[in-house]
There are 2 protein chains.
Amino acid sequence: MSTNRVLMPFKEHGHSHKKCLISAMTMAEKTCCTRGVKLTKLRRRVLELVWSSHEPVKAYDILDKLRDEHSGSAPPTVYRALDFLRAEGMVHKIESLNAYVGCGEPEHSHIGQFLICRDCGAVAEMDDADVRELLAEKAGSLGFHIDRELIEIKGLCAACSTEHR
Amino acid sequence: MSTNRVLMPFKEHGHSHKKCLISAMTMAEKTCCTRGVKLTKLRRRVLELVWSSHEPVKAYDILDKLRDEHSGSAPPTVYRALDFLRAEGMVHKIESLNAYVGCGEPEHSHIGQFLICRDCGAVAEMDDADVRELLAEKAGSLGFHIDRELIEIKGLCAACSTEHR
DNA sequence: CAATTAATGTTATATTATAACATAACATAT
DNA sequence: ATATGTTATGTTATAATATAACATTAATTG
C-alpha cells in the first residue's frame, strides 16, 4: 500500500493554468470561511500572485506587482499577507529558495515534502506518511523527538527528463 | 541492519568541546592536504569559528569575530571562506536558519540530514541510506529524479527532553 | 454609536548575501 | 631571480530578504 499522497503533482508543461488558479482560490475562500478567518482583498490578491504559476514566487516580485496596482504597498504588506496565508496553510515557504508556493490542500494542516525541478522550476508537493514515519524512527533512535520537518528535494521532473532525451 | 549513520551526534550538554574542535580541525587539514586544496589561515579561522559550538553560526557573527582580529574583514571575506568550506564539505548551511555548522565527516562527500534541537539549538547530522532510498523511491514514482535533498528536522534532542522531565 | 480589535499604511532599519574591481600572495616556467 | 599567470584576499558598494515600530483605517461587537 502506498502512502504517497501527492498534494500538488507536477503538471504537464504548458497546461492550462486557469483551472489550478480557480480551484486554489475557491478552496481558499471555502477554507477561510469554514475557519472564520478573513481572506481580505489584499490577501486574496497575494494568494493569486503566489498561484500565478507552479514555481516558487519571491516576496519582492509579489511586491512589485502589488505596487503596480496600489502605490501604498511596502514590504510589510507582502510579508503580512504571506504570514497569514502560511499560518492558514495556503502557502508554503521554500526555505532553500526564499520563495513561496501555493499549497494544493490547505484544508487539512500538514507538512509537505517538496520536489523542485532544477529545469522548469516547478514544485510538486508530497505528503508521505512512510517518509515521516521513517524519519521519526531514525531520529527517535537518537533520542530525538520531531516537531517539524523540512524536506526540499532538488532534481528533474518527469516532463523535463523527457524533453532532455 | 541499521543504516543510521550518524556523522555528528548530539553531545551531552556541557561536554568538553575542545576535542570536537581539535578533531574537526585535524580532519580538515588532512582532507585539504589529500585533495591538494589550501586551508589558508583565514579559512582555517572561519572553520574554527563555525566549530566553536554545535549550534549553527551566523555569517555576520563570524564576521564580527574576524573584525576583532583584522579590521580589513568584510562580508565577502566570510562568504568566500564559507563557500570554500561548503564546497569541500567541511561546513553545511542550514537553510531554514541561514546559518552554518561544521561537518563531522568532510572526507567523504555526502548530503546530510540535520536534526536541530529547538531548545539547546544544537544540530546533529545523520546520513541515512534508508531515508535516501525511500525518498528516491517516492519521488521516482512521480517520475522525479533526485539530485540533492535538503532535510532539516526541528525538534527536541534527548538531553533537552530529559531536562524537561 | 462608542469602544475595541483587526487589518493595512508608512517609515525606517535589520539581516543576509553578492557584484565588481583592486591588490597581494603564491606557484611555475624561463 | 624574475616575469607571468593564478589564487586568495582586500575594499567599496549595493542587492535581496525580512522585520520593527508606530499611525491610520476598517470591521466587529457591546
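Each chain gets a letter, A, B and so on, in the order its sequence line appears, and its residues count up from 1.
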Near-strand residues of residues 46-64 of chain A, defined as heavy-atom separation under 4.0 angstrom from DNA chain C: none

Would the number of heavy atoms belonging to other residues, nucleotides or ligands and lying under 6.0 Å from NZ of B/Lys65 be above 12? no

Contact between A/Met126 and A/Leu115 at the side-chain level, heavy atoms closer than 4.5 Å - yes or no? yes

Working to the nearest 0.5 angstrom, can you tell me the gap between A/Leu21 CG and A/Ser52 OG? 8.0 Å

Please determine, by modelled atom types, if A/Glu152 and A/Ser96 share a side-chain donor-acceptor pair under 3.5 angstrom. yes

I'd like to check B/Met27 versus B/Glu107 (side-chain heavy atoms, cut-off strictly below 4.5 Å). Are they in contact? yes

With side-chain hydrogen bond (donor to acceptor under 3.5 Å, both in side chains) as the rule and sequence neighbours excluded, what pairs involving residues 17-38 of chain B come up? B/His15-B/His17, B/His17-B/His54, B/Glu29-B/Arg44, B/Arg35-B/Glu88

Tell me, please, which residues at least two apart from A/Phe84 pass ring pair (Phe, Tyr, Trp, His ring centres under 6.0 Å). none

State whether the number of non-hydrogen atoms from other residues, nucleotides or ligands found under 6.0 Å of A/Arg148 atom CZ is greater than 12. no

Can we call the ring centroids of A/His92 and A/Tyr100 under 6.0 Å apart? no

Do the side chains of B/Val50 and B/Leu82 get nearer than 4.5 Å, heavy atoms only? yes

Looking at B/Asn98, I'd like to know whether one of its side-chain N or O atoms comes within less than 4.0 Å of OP1 or OP2 on C/dT15. no

Under 4.0 Å, heavy atom to any atom of DNA chain D: which of residues 31-43 of chain A qualify? A/Lys38

Within residues 75-94 of chain A: residues closer than 4.0 Å to DNA chain C (heavy atoms): A/Pro76, A/Thr77, A/Arg80

Would the number of heavy atoms belonging to other residues, nucleotides or ligands and lying under 6.0 Å from NZ of A/Lys154 be above 12? yes

Quick one: do the B/His110 and B/Glu105 side chains pair a donor with an acceptor below 3.5 Å? no

What range of DNA chain D does chain B touch, first nucleotide to last, counting atoms under 4.0 Å from its heavy atoms? D/dA8 to D/dT12

